Amino acid sequence: MTKPRPCGCKGCRTCLICETQYGAENLKLQLELDKSKGYVYCPFCNKAWKGWDLNAYKQHPNHEGDSIEYPGVYIQLNFISEEEERDLMTNIDEVPWDISQSGRRKQNYGPKTNFKKKKVVVGKFEGFPAFSKYLQERFASIDLLKDYYVIEQCSLEYDPSKGASIDPHIDDCWIWGERIITVNCLSDTALTMTAFKGDLKKYNLYCAEEYGPVVSADGSILKGHKEEKSMLEACKSALPMML
Ligand SMILES: [Zn+2]
Ligand SMILES: [Zn+2]
C-alpha cells in the first residue's frame, strides 16, 4: 500500500482519494500530529499562541492561553488586492498543473535542486512567468525582503475537497537560506508551527549556522549581519524547546 497511487501520493502521504478509494486510510493515522504541541501565529501582535486553533488570530487582542515571541516571522495582510488575486489565479490556471503528493497540485519554476548532494542545475528552467513579475518586484517593498532574490517559484494548490495538505516541514536551509515567502490566495490562512526535534542534517538545518541571520532575536532587522549570532542560535536561545 506504500506504492505510488494514481492520485500522486506515495508512502505515508495520503489524500481523500487514496484514503477512500485505495485503502490508504490507515497510513494517514501514522502521521497524526500532536496538535497540543502546536503554535498559531497572530499577525496583529506578532506572537505565536499555543494550541491549534486556526482562528486564534481572530481573537486578537483578547487571546487566551500562552504565547511566545517568535522573531523572524513576518505576515503582511492583504499583500495583493482581490482584483490582483483574481487575475493571478486566472493566469496560474492557464498553465498545466502537475499532480503532487497529499492531494496537492503544483507548478514549479526554477533550477533542479538536489538537496542531499547540494547541487543545482539550471536544466530546462527558462525564467519566471511574466504574470508574477510584479509580485516579485513588490517583495522589495517589505523591509525584511530588501536584497531578497527569488531562486525558485512554485504554485501550490490545496483543494479541501481533495483533502490536500502538507506535512510540517522546514524548507531546505542550504539553498533557500534565511528567507522563504508564501503568498496565500483564495482563502483565509493561518500560520501554524510545531517543534522539530531531529537530526540537524535533515533539511540541511546545520547550514543555518553558516550564514548570518536577517533579524535579531528581538525581531529587529540586521544589516551586515555577519557578526551576529546565527538565526538558528537566536532561535535556540529564545526558544530552547523548538530545536
Ligand atoms: Zn492520494
Ligand atoms: Zn494577537
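The structure displayed is predicted, hence computed values, not measured ones. Start at 1 and go down the list; that is how both ligands and their atoms are numbered. One is the number of the first residue; the rest follow in order along the sequence. Basis for what follows: all heavy atoms, side chains included, without hydrogens, waters or symmetry-related copies.
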Check H63 and report its N/O/S atom nearest to the Zn ion (ligand 2), by atom name. NE2
Once you measure the plane-to-plane angle for F139 and F79, does it fall in the parallel (<30°), tilted (30-60°) or perpendicular (>60°) bin? parallel
Report the angle formed at the Zn ion (ligand 1) by atom SG of C9 and atom SG of C7, rounding to the nearest 10°. 110°
Paired with E157, the side chain to side chain donor-acceptor pair (under 3.5 Å) test is passed by just one of K106, Q107, R105, namely R105
Classify the angle between the aromatic ring planes of F196 and Y203 as parallel (below 30°), tilted (30 to 60°) or perpendicular (above 60°). perpendicular
CG (N108) and CG (D98) are apart, to the nearest 0.5 Å, by 7.5 Å
Atom of H60 closest to the Zn ion (ligand 2), considering N, O or S atoms: ND1
